[in-house]
Protein chains: 2
Amino acid sequence: MTKQGTPSRERIVSGTADLISRRGLNAASIRALAKHANAPLGSTYHYFPDGKRQVATEAVEYAGARVAHLLGERLEAGPVEGLRAFLELWRDIVVKSDFRAGCSVLAVSVEEPTGDDVPPELAAAAAAFEEWERLLTESLREHGADPEAAAELATLIVASVEGAVAMCRAKRSAEPLDRVARRLEALTAAAG
Amino acid sequence: MTKQGTPSRERIVSGTADLISRRGLNAASIRALAKHANAPLGSTYHYFPDGKRQVATEAVEYAGARVAHLLGERLEAGPVEGLRAFLELWRDIVVKSDFRAGCSVLAVSVEEPTGDDVPPELAAAAAAFEEWERLLTESLREHGADPEAAAELATLIVASVEGAVAMCRAKRSAEPLDRVARRLEALTAAAG
DNA sequence: CACTGGTTATAACACTCGTGATAGTGTATC
DNA sequence: GATACACTATCACGAGTGTTATAACCAGTG
């Protein structure tokens, strides 16, 4: 009952996902997180006693689940339709933020694990990638694609879209995503 | 006087590229940069009077040029050979660092421009991406690929490899890169 | 020898960081 | 009204940030 009753908590999580997607994890301070979510700093440690790491982990899980939900829904209309929704989702985020926001899952993936073992937020990122790939793979297979080719194409889709999001931000242009989109649509249509 | 341009300076640049590829730009402090390059902190500001931003920009330019050089060389043996070199390069970096290092150009691309205009290190990242794409596009066209399809495939290659590098780090596995490699090789061979 | 100029060492500035401790607020139930 | 408890405000700590200033080194040249 923590989540539904307290909008603050959810605002912090979704706001954190957004801020991480913009600045990266290490550059997003807890104070900035709270301000970005219109939540008091004290609440952060109240809802997330384990501190920044916990907020970050939940934010990555949240972002991953959100994308997975939309992707899963749209894949019901076929792989090509799902791919289009996936592409459109990221294009909107990048363009509407004036190339300032991106993917929080990706942002977390490009920062070194400080210690010896895998930090939880990185594990959450890996899980998000795997879930997206799984959804795409299954949809492709259901529509007649070769099982192994389906898995490879799914990975290619996720990797190229994530990479294209970063390229769009660097170039301040949506062209990389658009180019990747055309190529991926052809591949997906041919595989289905 | 061992080399052109003092060795300290060059060590700082290449060391910075490596550290940025691991931690991201914002999380790589100037003190850590100096220590990582076995250079004194004072030298950093001596060689780079404009501070961290200048070091970062030169590091991204350096990393971009290094990859471009190797890619250009290997593309002389054809697009497929160039692609293989590109893939192998990143796979080596990721695996040999135990999934701790990645691509500094990508790392810089996922951090928000603080002010209103484009910071120089981000412009350097965009330039690096464009150079890699240009090399691939030209090689593909020279080997008989349709001009527009060549440009799209080049973008797809760069984007998916960059994305796969990040996915490999999150999953602590080289599989994403390997899967992407198989798919891209088939596409490149078919286009040439 | 002194002197010069490129390099490095040290200290300090004004911040921000993540995180705790403590006290205060509000509201809801008894 | 009073008591309990979820939430928030405030302050403090030690450490780390980018950067500048100033002093010390240490080569080579006159």
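The analysis underlying the following values was restricted to heavy atoms, covering all of them including side chains, and did not include hydrogens, waters or symmetry mates. All values derive from a computational prediction rather than experimental measurement. Proteins come first, then strands; the chains are lettered A, B, ... in the order of their sequence lines, and each starts at number 1.
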**Student:** Separation of A:Arg23 atom CZ from C:dT16 atom C1', in whole Å?
**Tutor:** 13 Å
**Student:** Flag the pair A:Arg84 and A:Glu81 as a salt bridge only when some basic side-chain nitrogen lies within less than 4.0 angstrom of an acidic carboxylate oxygen.
**Tutor:** yes
**Student:** Nearest whole Å is fine: how far is D:dC25 C1' from B:His46 NE2?
**Tutor:** 13 Å
**Student:** How many Å lie between CZ on B:Phe48 and C1' on D:dT19, as a whole number?
**Tutor:** 16 Å
**Student:** With rounding to the nearest 0.5 angstrom, report the SG to CD1 distance, B:Cys168 to B:Ile93.
**Tutor:** 12.0 Å
**Student:** Counting C-beta onward and ignoring hydrogens, is there a side-chain heavy-atom pair between B:Leu187 and B:Leu156 closer than 4.5 Å?
**Tutor:** yes
**Student:** Find the distance B:Tyr47:OH to C:dG6:P and express it as a whole number of Å.
**Tutor:** 11 Å
**Student:** Please check if the number of heavy atoms outside A:Arg66 that lie under 6.0 Å from its CZ is greater than 12.
**Tutor:** no
**Student:** How many whole angstroms separate atom CG of A:Leu41 from atom C1' of C:dC17?
**Tutor:** 11 Å
**Student:** Checking salt bridge (charged side-chain N to carboxylate O under 4.0 Å, His left out) against A:Arg179, which of B:Glu133, B:Glu152, B:Glu148 comes through?
**Tutor:** B:Glu133
**Student:** CG of A:Asp50 versus P of C:dG20: gap in Å, rounded?
**Tutor:** 9 Å
**Student:** Within residues 25-37 of chain B, find the residues that approach DNA chain D with a heavy atom at under 4.0 Å, and present them sorted by residue number.
**Tutor:** B:Ala28, B:Ser29, B:Ile30, B:Arg31
**Student:** Of the nucleotides D:dT19, C:dT8, D:dA9, which one has an atom closest to the side chain of A:Pro40?
**Tutor:** D:dA9
**Student:** For A:Tyr45, report the nucleic acid contact type (base, sugar-phosphate, nothing); a contact means any heavy atom under 4.0 Å.
**Tutor:** base
**Student:** Could you give the NZ-to-P distance, from B:Lys52 to D:dT17, as a whole number of Å?
**Tutor:** 9 Å
**Student:** Say whether, by atom type as modelled, one donor and one acceptor occur between the side chain of B:Thr188 and the main chain of B:Glu185 under 3.5 angstrom.
**Tutor:** no
**Student:** Which nucleotide in the set D:dG18, D:dT8, C:dT7 lies at the smallest distance from any side-chain heavy atom of A:Ser43?
**Tutor:** D:dT8
